[in-house]
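To start, the structure under review is shown below, and the notes come after it.
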Number of protein chains: 2
Amino acid sequence: MTVDSARRHKYEIVAAGIRAMITDSLQPNDALPSERELMEIHGVSRMTVRAAIARLADEGLLYNVHGSGTYVGSPNLFAKAPKLTSFTEDMVSRGHVPSSRVLEISRTDASSKTASRLRLSPGAECTRIRRLRLADGNPMAIETVYLPGDVLPIEDFDARVSLYVQLSERGYEIYRAEQEIQAAILDAESSTLLGVPAGSAALEIDRIATDRRGLPIEYARTIYRGDRYSFQMAVTRESGDK
Amino acid sequence: MTVDSARRHKYEIVAAGIRAMITDSLQPNDALPSERELMEIHGVSRMTVRAAIARLADEGLLYNVHGSGTYVGSPNLFAKAPKLTSFTEDMVSRGHVPSSRVLEISRTDASSKTASRLRLSPGAECTRIRRLRLADGNPMAIETVYLPGDVLPIEDFDARVSLYVQLSERGYEIYRAEQEIQAAILDAESSTLLGVPAGSAALEIDRIATDRRGLPIEYARTIYRGDRYSFQMAVTRESGDK
DNA sequence: AAGTGGTCTAGACCACCGC
DNA sequence: CGGTGGTCTAGACCACTTC
């Protein structure tokens, strides 16, 4: 039984019902009952059925064919579209146990580049946190985070608590980010920290994270070991169209 | 005037109207008229207004705050969520002129890895196309594409026409893909082709592309010059939730 | 308390697919 | 042609923010 009585919205109940129907008795590319049939099955209006289906289609669990029907997606397509995650969340979702070692916490004046990324005036105060990030106790990445000074003053940072949780507690809710993924080669210092030979391949991910209003909250540069980390995602054609 | 009389759906007309309103007279974080007001302005029902707003919010142009209003997003957040693009489309959107040089076209028996990626039986026939990809005449990437033999027999391939167009003409509509982005280091052959020193950093993007039903159509491995190419995208938190 | 977006109903017509 | 998903209407109540 997948009944979840704690759900608040009807479309969530319907979505759960469809999920159960798929795992119980449907194969990839099988047709779902029509939207009108699902209305009667769940005793809801068509819009509610469609809201549930839209949700599941976003996840790649279903796909629609206009004029024909709604079908079950293929199992190898369940990989989800990329979303904004902290290192901690990312590692947990990959089945690793995350941890970290603080390399540096300091208050600095923003460089012109950092200032423009965080939309601060040049030379404004910011907090810089550099950490070695580990997965299952093994070095995975080196992360350098810059925060505007008033977002998280250096003296308030608690190394034992997830950064995103600390930010949330102070009223800064990260919502959106722009990321850039580049290839890099490890220098002597980084390769030593990560425990690989100098000159090894690495993945560098730069991120500017903002709240809903577009106010920059975090600029992070993370250097991942190329031999242990890759970035995976599902993409579709005609993103907004359809 | 942004009036587009050729639009088919009402929500597209409303969306165009909101777009014009933003560029004409609104600043980031300004509030939009309420949904009820927009109903009257455009003479449509509320659901139509909401469909238009949802569209624009997906693009990052707007954001909603429950109980408060709908607001204009920040201009630096207009970068869009990643979507499935061919090399040609990707380069054009970056403002480059794409071209390519065919290095190899052959019919091969799928290796066990390739076969499993394309969901073929091991040793099945497939078409392999290896091309040097250029942007503005300069080497940018080396792309190796594998297609199931019945999707595009080797003798039907036309090097002068975009691969995705050829596939579409044969009834294979690519819709979705899973991509993996990794760090790599160029070997002697690749670095020569790309015109950079051996040992340079590179970005490797592996892609399995399928149609709506999840049927694999293409497996592509592309090695990009690390000094000229980076992968950029916008991500949000709580992808499906909200 | 008033106004906002979020969910939901019970209908309707249209565009498209397959027989 | 009937059945399907896509769009749309004109209402309603709820959850939340703001004052």
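Here the structure is a predicted model, which is why all the values come from computation and not from measurement. Here is the naming used below: chain letters follow the sequence lines, and residue numbers restart at 1 for every chain.
On a pure distance criterion of 3.5 Å, a polar donor-acceptor pair joins the side chain of B/Arg46 and the base of C/dG6.
For the 3.5 Å distance criterion, the side chains of B/Asp206 and B/Tyr219 qualify, holding a donor opposite an acceptor.
With the nearest nucleotide of DNA chain D identified for both B/Ser45 and B/Arg36, B/Ser45 has the one nearer the 5' end. Of the residues near DNA chain C, B/Met47 and B/Glu37, the one whose nearest nucleotide (by heavy atom distance) lies more toward the 5' end is B/Glu37. If you find the closest nucleotide of DNA chain C to A/Val49 and to A/Val65, the one lying nearer the 5' end belongs to A/Val49.
A/Glu40 has its CD atom 13 Å from the C1' atom of C/dA10, to the nearest Å. If you measure from atom CZ of A/Arg8 to atom P of C/dG5, you get 19 Å, rounded to the nearest angstrom. Between the P atom of D/dG5 and the CE atom of A/Met39 lies a distance of 12 Å, rounded to the nearest Å. Taking atom CD1 of residue B/Ile53 and atom C1' of nucleotide D/dC8, one finds them 16 Å apart after rounding to whole Å. Residue B/Arg212 contributes atom CZ, which lies 11 Å from atom P of C/dC17 at whole-angstrom precision. Here D/dG6 presents its P atom at 6 Å from CD of A/Glu35, a figure rounded to the nearest Å. For the pair A/Arg50 CZ and D/dT4 P, the interatomic distance rounds to 14 Å; values are reported in whole Å. Atom CD1 of A/Ile13 is separated from atom P of C/dT9 by 10 Å (rounded to the nearest Å).
Between B/Tyr164 atom OH and B/Ile217 atom CD1 the span is 9.0 Å, to the nearest 0.5 Å.
Between A/Arg170 and the options A/Asp158, A/Asp150, A/Asp156, a salt bridge (charged side-chain N to carboxylate O under 4.0 Å, His left out) holds for only A/Asp156.
Candidate nucleotides C/dT9, D/dT9, D/dC8 were compared by shortest atom distance to the side chain of B/His9, and D/dC8 ranks first. Nearest to the side chain of A/Lys10, among C/dT9, C/dT7, D/dT9, sits C/dT9. Candidate nucleotides D/dG5, C/dC8, D/dT9 were compared by shortest atom distance to the side chain of A/Thr48, and C/dC8 ranks first. Nearest to the side chain of B/His66, among C/dT9, C/dG6, D/dG6, sits C/dG6.
Surrounding CZ of A/Arg46 are more than 12 heavy atoms belonging to other residues, nucleotides or ligands, all under 6.0 Å away.
One finds a side-chain N or O of A/Thr70 lying less than 4.0 angstrom from the OP1 or OP2 phosphate oxygen of D/dG5. In terms of phosphate contacts, B/Tyr11 brings no side-chain nitrogen or oxygen within less than 4.0 Å of OP1 or OP2 of D/dC8. Look at A/Ser68 and you won't find any side-chain N or O under 4.0 angstrom from OP1 or OP2 of D/dT4.
Under a cutoff of 6.0 Å and an axis angle of 45°, A/Arg212 and A/Tyr175 form a cation-pi pair.
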